[in-house]
2 protein chains.
Amino acid sequence: MVEPAPPSELHAHLGYWLRMVSNAVSRSFARKVESEGVTVAEWVFLRVLYDFERLAPSELADRMGMTRGAISKLADRLVSKGLVVRRANPRDKRAHTLTLVPSGRALVVRLAQLADRNDESFFGNLAIEEREQLGQLLRRIAAAHGLATMPID
Amino acid sequence: MVEPAPPSELHAHLGYWLRMVSNAVSRSFARKVESEGVTVAEWVFLRVLYDFERLAPSELADRMGMTRGAISKLADRLVSKGLVVRRANPRDKRAHTLTLVPSGRALVVRLAQLADRNDESFFGNLAIEEREQLGQLLRRIAAAHGLATMPID
DNA sequence: TATTGTTATACTCTATAACTATA
DNA sequence: TATAGTTATAGAGTATAACAATA
């Protein structure tokens with residue numbers, strides 16, 4: 001029995017390296033924010049919310065690329081941690097809004113510093129132009145696949 | 001009450017873009033390999049095993065950057081799917097070995113094609129030099145943080 | 001009927017630690 | 001005692017679908 005064409009190797013795929021580095025960066029960041037009692041997904045949730053006075057769960061879901069169910073669960077945790085308040089909209093009683101409380105806002109500031117330090121520890125030894133290159137390539141791929149609700153350059 | 005320094009934005013961090021793109025690539029690949037009945041982690045497991053006649057679970061754990069417990073669970077699934085066989089070592093009865101069965105080897109070939117196509121769909125619209133740049137940057141970061149048991153260039 | 005949000009279910013991945021059997 | 005591997009537990013992320021309340 002003849003074996004068919006040899007399979008391409010793991011490290012022949014950019015997706016493989018992307019996943020390896022991304023997982024390491026996220027794991028490292030997860031350990032950092034754990035000291036503040038939150039997860040990476042919670043950080044993103046809080047940081048998005050920081051820019052708005054209040055946001056509907058469905059809007060957060062869109063901005064974070066998550067389902068409403070997932071947002072609901074995240075919101076539960078953050079409410080029970082006392083970082084976020086959930087309110088019903090009196091005009092349309094189906095609609096809710098989520099708002100950061102002051103201690104939540106203060107936490108975002110500390111978490112952002114951890115994010116800065118984490119990025120620095122992984123990408124700090126690249127030259128400025130290299131960091132710029134990497135960012136541009138990633139943003140282009142994200143844009144090409146409609147991943148971002150975030151500004152592209 | 002004065003608010004402290006404004007927190008850096010999500011998209012100011014390379015880690016953010018890395019995670020966004022990596023998650024999309026992995027999610028897309030997960031859907032592709034699902035048609036062959038396996039997960040992304042199972043693909044990596046199978047592909048590593050393909051290059052060896054047999055491998056100890058602990059060696060697989062080292063090569064995949066996972067714990068032995070995680071490997072044990074993965075191996076269970078792959079054995080029950082009939083892709084891998086687990087054998088005890090008669091010389092040292094503590095030691096086991098894992099081996100791909102022929103249908104498992106054939107599956108790896110098909111999965112590799114899916115990985116090729118997935119990579120192409122995400123990075124195919126980059127110029128050759130850009131793909132090379134991206135790969136080099138990722139491999140350098142991986143090497144700088146001791147992530148890879150894989151060849152670096 | 002359609003929409004907003006929540007809840008339930010299920011599975012993968014990850015990490016830690018306890019455990020079994022060998023050595 | 002140390003080692004190889006398995007098993008147990010628990011939390012987090014993800015996805016789908018059922019569900020309640022409201023429009």
Side-chain angles (χ1 to χ4, degrees), chain A residues 19-20 22-31 33-34 36-46 54-81 84-99 147, chain B residues 19-20 22-31 33-34 36-46 54-81 84-99 147:
Chain A
R19 179 169 164 271
M20 175 185 288
S22 173
N23 285 352
V25 173
S26 287
R27 198 153 39 223
S28 161
F29 185 51
R31 272 195 294 272
V33 298
E34 195 183 8
E36 295 282 1
V38 296
T39 67
V40 176
E42 288 171 358
W43 145 251
V44 176
F45 185 113
L46 295 171
R54 66 190 72 83
L55 218 48
S58 54
E59 282 189 84
L60 251 153
D62 290 345
R63 287 176 184 277
M64 292 182 64
M66 300 175 72
T67 63
R68 274 166 295 167
I71 291 294
S72 207
K73 213 163 54 167
L74 267 182
D76 280 348
R77 287 215 307 261
L78 293 169
V79 167
S80 78
K81 288 176 185 176
V84 166
V85 292
R86 190 175 354 215
R87 291 198 196 86
N89 180 337
R91 291 162 178 260
D92 180 344
K93 288 196 196 153
R94 290 174 309 181
H96 290 194
T97 65
L98 299 163
T99 306
L147 304 179
Chain B
R19 179 169 164 270
M20 176 184 289
S22 173
N23 284 352
V25 173
S26 287
R27 199 153 40 220
S28 160
F29 186 50
R31 272 194 294 271
V33 297
E34 196 183 10
E36 294 282 1
V38 297
T39 67
V40 176
E42 288 171 359
W43 146 249
V44 177
F45 184 114
L46 296 170
R54 65 189 73 81
L55 218 47
S58 53
E59 284 190 82
L60 251 153
D62 290 344
R63 287 174 184 277
M64 291 183 64
M66 298 176 72
T67 64
R68 274 166 296 168
I71 291 294
S72 207
K73 214 159 55 164
L74 265 183
D76 279 349
R77 286 214 307 259
L78 292 169
V79 167
S80 78
K81 288 176 185 177
V84 165
V85 291
R86 185 170 5 211
R87 291 199 196 84
N89 181 338
R91 292 162 178 259
D92 181 344
K93 288 196 196 154
R94 291 174 306 180
H96 290 192
T97 63
L98 299 163
T99 306
L147 303 180

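Scope of the values below: all heavy atoms of this structure, side chains included, with no hydrogens, waters or symmetry mates. Lettering of chains follows the sequences in order, A, B, ..., and the numbering in each one begins at 1.
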Determine whether any donor atom in the side chain of A:R68 lies under 3.5 Å from an acceptor atom in the base of C:dT4, or the reverse, and answer yes or no. no
Between B:M66 and B:D92, just flag the one whose closest nucleotide in DNA chain C comes earlier from the 5' side.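 Residue closer to the 5' terminus by nearest nucleotide: B:M66.
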Nearest-angstrom distance from the residue atom [atom1] of [X] to [atom2] of [N]:
X	N	atom1	atom2	result
B:E42	C:dC11	CD	C1'	11 Å
B:K73	D:dA8	NZ	C1'	10 Å
A:L98	C:dT4	CG	C1'	12 Å
B:R54	D:dG5	CZ	C1'	18 Å
B:H96	C:dT20	NE2	C1'	11 Å
A:I71	D:dA12	CD1	C1'	14 Å

Closest to the [X] side chain, choosing from [options]:
X	options	answer
A:R94	D:dG5, C:dA2, D:dT7	C:dA2
A:K93	D:dA23, D:dG13, C:dT6	D:dA23
B:T67	C:dT16, D:dT16, C:dA2	C:dT16
B:S72	D:dT7, C:dA10, D:dT22	D:dT7
B:L74	C:dA21, C:dC13, D:dA12	C:dC13

Taking OP1 and OP2 of [N], is either one under 4.0 Å from a side-chain nitrogen or oxygen of [X]?
X	N	answer
A:S58	C:dG5	yes
A:R86	C:dT4	no
A:R27	C:dA15	yes
B:T39	C:dC11	no

If you compare all heavy atoms of B:S22 against all heavy atoms of A:R19, which two are closest, and at what distance to 0.1 Å? OG-CA, 3.4 Å
Would you say A:R86 has more than 12 foreign heavy atoms packed within less than 6.0 Å of its CZ? yes
Crowding at NZ, B:K81 (>12 non-hydrogen neighbours, <6.0 Å): yes
Regarding A:R31, tell me which of base, sugar-phosphate or nothing describes its non-hydrogen contacts under 4.0 Å with the strands shown. nothing
Touch class at under 4.0 angstrom, heavy-atom based, for A:A56 against every strand present: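 If one applies the 4.0 Å heavy-atom cut-off, A:A56 turns out to touch the sugar-phosphate alone, with no base involved.
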Pick the nucleotide of DNA chain D nearest each of A:G69 and B:R19; which residue has the one closer to the 5' end?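 Result: B:R19.
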